[in-house]
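All ligand and atom numbering here is 1-based and tracks the order in the structure. Computed from heavy atoms alone, side chains included, the values below leave out hydrogens, waters and symmetry copies.
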Amino acid sequence: MRILSGIQPSGALHIGNYFGMMKPAIALQAEGEALYFIADYHALTSLRDPGALRENSRRVALDFLACGLDPDRAALFLQSDVPQVTELAWILGTVTPMGLLERCHSYKDKLARGAAASAGLFTYPVLMAADILIYDSDIVPVGRDQKQHLEVTRDIAIKMNETFGDLFKLPEPRIHAETEVVPGTDAQKMSKSYRNTIEIFGAEKETRKRVMSIVTDSTPIDAPKDAASSAIFQLYSLVASTEEKEVMAAEFRRGGTGYGDFKKRLFESLWRYFAPMRERRAAILAQPNYIDGVLARGAERANAIADKVMARVRDAVGV
Ligand code: ADP
Ligand code: TRP
């Protein structure tokens with residue numbers, strides 16, 4: 001079984017990325033051949049600062065390793081170290097109906113938020129399909145917002161198979177039910193583009209500030225509160241033990257505790273939860289060429305697979 005996922009180096013990773021994609025991806029590395037990459041070509045649709053892109057890409061590699069990606073099991077590499085994906089993306093684009101891309105929520109959302117309508121942004125899902133199909137991937141762990149892109153990938157694969165014979169496997173998304181959508185400090189989906197994130201490796205003071213800024217309703221301290229609909233409780237559920245969770249849920253129901261107290265407890269649990277990752281991160285940073293070595297080894301493994309699949313594709317389409 002081959003498992004594949006990618007993450008854009010468009011900014012600092014946050015706990016939505018961690019619980020939605022990185023943690024499930026790390027758990028899956030023991031179950032098959034895992035390939036995880038840093039989608040730097042995709043990030044070019046929003047980031048046009050070469051220094052920042054390079055820096056972010058390394059930082060995503062560092063953070064992913066710190067969170068538990070084991071480079072002896074999973075290959076970690078840069079998307080752009082396998083430039084064959086852009087060739088495959090072109091070929092896939094020739095069979096992709098415009099309507100399929102026009103329906104993509106992510107494209108429409110980005111335009112609504114003010115992004116310029118570039119061809120790259122529009123064909124983003126075609127490159128993503130190439131990322132997935134070029135490794136004959138079986139399973140793709142992602143957060144719920146990427147589900148539609150997986151459907152597009154499957155549609156493109158079906159179209160290719162109908163046109164050129166049995167070329168591609170149909171990949172399955174793996175969406176972790178409990179962490180489908182991790183809320184941000186404004187209780188909307190946590191996202192780098194909404195400025196509502198809590199970073200995985202933010203400084204202590206800043207992280208506390210972010211947690212204390214979570215929006216709440218105006219229920220008075222003494223009144224009972226609804227835990228299930230509270231972003232504080234939802235986030236706490238991700239990092240607290242079952243007993244701690246039950247205690248907090250009971251206090252929400254009973255009333256008498258203010259949101260500020262709950263937030264303080266959330267911060268403490270969150271800070272504790274990521275402590276081992278922070279330690280590992282410091283240890284990695286102390287080894288100067290470690291990240292470069294991991295990325296080079298990962299790229300080698302990924303290229304070996306991609307070359308084979310591309311030979312098959314080129315043969316099938318006649319180039
Ligand atoms: P962002 O929205 O912050 O730009 P990305 O689009 O780079 O995040 O997402 C990287 C991965 O993390 C994807 O698999 C995505 O589904 C997942 N992810 C991002 N935000 C969340 C969230 N709030 N809840 C669950 N998963 C998320
Ligand atoms: N579009 C994904 C995101 O924004 C990143 C990505 C690019 C990806 N290619 C992929 C994810 C292939 C899974 C598989 O999060």
Side-chain angles (χ1 to χ4, degrees), residues 2-26 28 34-47 56-57 59-60 63-64 67 74 77-80 82 85-86 88-89 92 101 104-107 109-110 113 115 120-121 123-154 156-157 171-200 231 234-235 237-238 302 306:
R2 195 168 284 150
I3 305 138
L4 171 119
S5 194
I7 190 159
Q8 287 194 68
S10 47
L13 299 179
H14 53 72
I15 61 176
N17 296 138
Y18 179 76
F19 288 102
M21 183 277 206
M22 299 162 74
K23 188 173 181 233
I26 289 165
L28 278 168
L35 299 164
Y36 299 136
F37 67 92
I38 298 156
D40 51 356
Y41 285 140
H42 275 116
L44 272 176
T45 58
S46 62
L47 183 60
N56 284 354
S57 297
R59 203 175 147 191
V60 169
D63 290 358
F64 221 141
C67 285
F77 58 98
L78 292 179
Q79 183 183 32
S80 59
V82 191
V85 289
T86 60
L88 181 58
L92 300 181
L101 302 179
C104 286
H105 306 303
S106 152
Y107 174 69
D109 289 351
K110 285 172 186 164
R113 277 189 262 125
L121 199 59
T123 57
Y124 181 112
V126 182
L127 180 58
M128 180 157 164
D131 289 328
I132 296 170
L133 300 176
I134 206 167
Y135 303 112
D136 282 333
S137 312
D138 297 293
I139 289 181
V140 184
V142 282
R144 193 178 70 188
D145 59 318
Q146 297 298 317
K147 188 166 178 246
Q148 192 184 33
H149 287 156
L150 263 293
E151 286 159 7
V152 170
T153 300
R154 288 171 64 94
I156 295 176
E172 296 282 344
R174 178 72 64 88
I175 296 160
H176 201 255
E178 271 171 64
T179 53
E180 273 199 339
V181 183
V182 175
T185 53
D186 59 357
Q188 306 299 308
K189 179 202 146 182
M190 187 179 291
S191 172
K192 274 164 256 162
S193 24
Y194 300 162
R195 298 177 179 282
N196 64 354
T197 62
I198 299 170
E199 291 181 16
I200 306 173
Q234 288 165 12
L235 292 169
S237 301
L238 298 171

- Query: With H14, which residues qualify under ring pair (Phe, Tyr, Trp, His ring centres under 6.0 Å), at least two apart?
  - Reply: none

- Can you check whether I132 reaches L150 side chain to side chain, under 4.5 Å on heavy atoms? yes

- Query: Does an N or O from Q8, backbone or side chain, lie closer than 3.5 Å to an N or O of ligand 2?
  - Reply: yes

- Task: For ligand 2, indicate whether the residue V142 contacts it via side chain, backbone, both or neither (heavy-atom separation under 4.0 Å).
- Result: side chain

- Note on the structure: In ligand 2, the atoms that come under 4.0 Å of a heavy atom of S5 are 13 (C)

- Task: Can you pull out the closest protein heavy atom to atom 2 (C) of ligand 2? Residue, atom name and distance to 0.1 Å, please.
- Result: Q146 OE1, 3.4 Å

- Query: Is the centre of the Y124 ring less than 6.0 Å from the centre of the H149 ring?
  - Reply: yes

- Query: Nearest protein heavy-atom contact for atom 7 (C) of ligand 2: which residue, which atom, what distance?
  - Reply: H42 ND1, 3.3 Å

- Kindly identify the option in L133, I38, I132 whose heavy atom sits closest to atom 12 (C) of ligand 2. I132

Just list the N/O pairs, ligand 1 to protein, that are under 3.5 Å apart, with the distance for each.
| unit_1 | atom_1 | unit_2 | atom_2 | d |
| --- | --- | --- | --- | --- |
| ligand 1 | 2 (O) | K189 | NZ | 3.1 |
| ligand 1 | 2 (O) | S191 | OG | 2.8 |
| ligand 1 | 3 (O) | H14 | NE2 | 2.7 |
| ligand 1 | 3 (O) | K192 | N | 2.7 |
| ligand 1 | 7 (O) | K192 | NZ | 3.0 |
| ligand 1 | 8 (O) | N17 | ND2 | 3.3 |
| ligand 1 | 9 (O) | N17 | ND2 | 3.4 |
| ligand 1 | 12 (O) | N17 | ND2 | 3.1 |
| ligand 1 | 14 (O) | G143 | N | 3.1 |
| ligand 1 | 16 (O) | G143 | N | 2.9 |
| ligand 1 | 16 (O) | D145 | OD1 | 2.4 |
| ligand 1 | 20 (N) | M190 | O | 3.3 |
| ligand 1 | 23 (N) | V182 | O | 2.9 |
| ligand 1 | 23 (N) | M190 | N | 3.3 |
| ligand 1 | 23 (N) | M190 | O | 2.9 |
| ligand 1 | 24 (N) | V182 | N | 2.8 |
| ligand 1 | 26 (N) | G16 | O | 3.4 |

- Message: Using the side-chain hydrogen bond (donor to acceptor under 3.5 Å, both in side chains) criterion, which residues pair with S193? Sequence neighbours excluded.
- Response: R113, S191

- Task: Could you list all the salt bridge (Lys or Arg N to Asp or Glu O under 4.0 Å) pairs where at least one residue sits in residues 135-150, not counting sequence neighbours?
- Result: D136-R312, D138-K169, R144-E180, D145-K189, K147-E151

- Closest non-hydrogen protein atom to atom 5 (C) of ligand 2, residue and atom name please, with distance? G6 O, 3.6 Å

- Message: Among all protein heavy atoms in this structure, tell me which lies nearest to atom 4 (O) of ligand 2, with the distance rounded to 0.1 Å.
- Response: Y124 OH, 3.0 Å

- What are the atoms of ligand 2, with element, lying closer than 4.0 Å to any heavy atom of D131? 7 (C), 9 (N), 10 (C), 12 (C)

- Task: Could you list the atoms of ligand 2 found under 4.0 angstrom from a heavy atom of V140?
- Result: 13 (C), 14 (C)

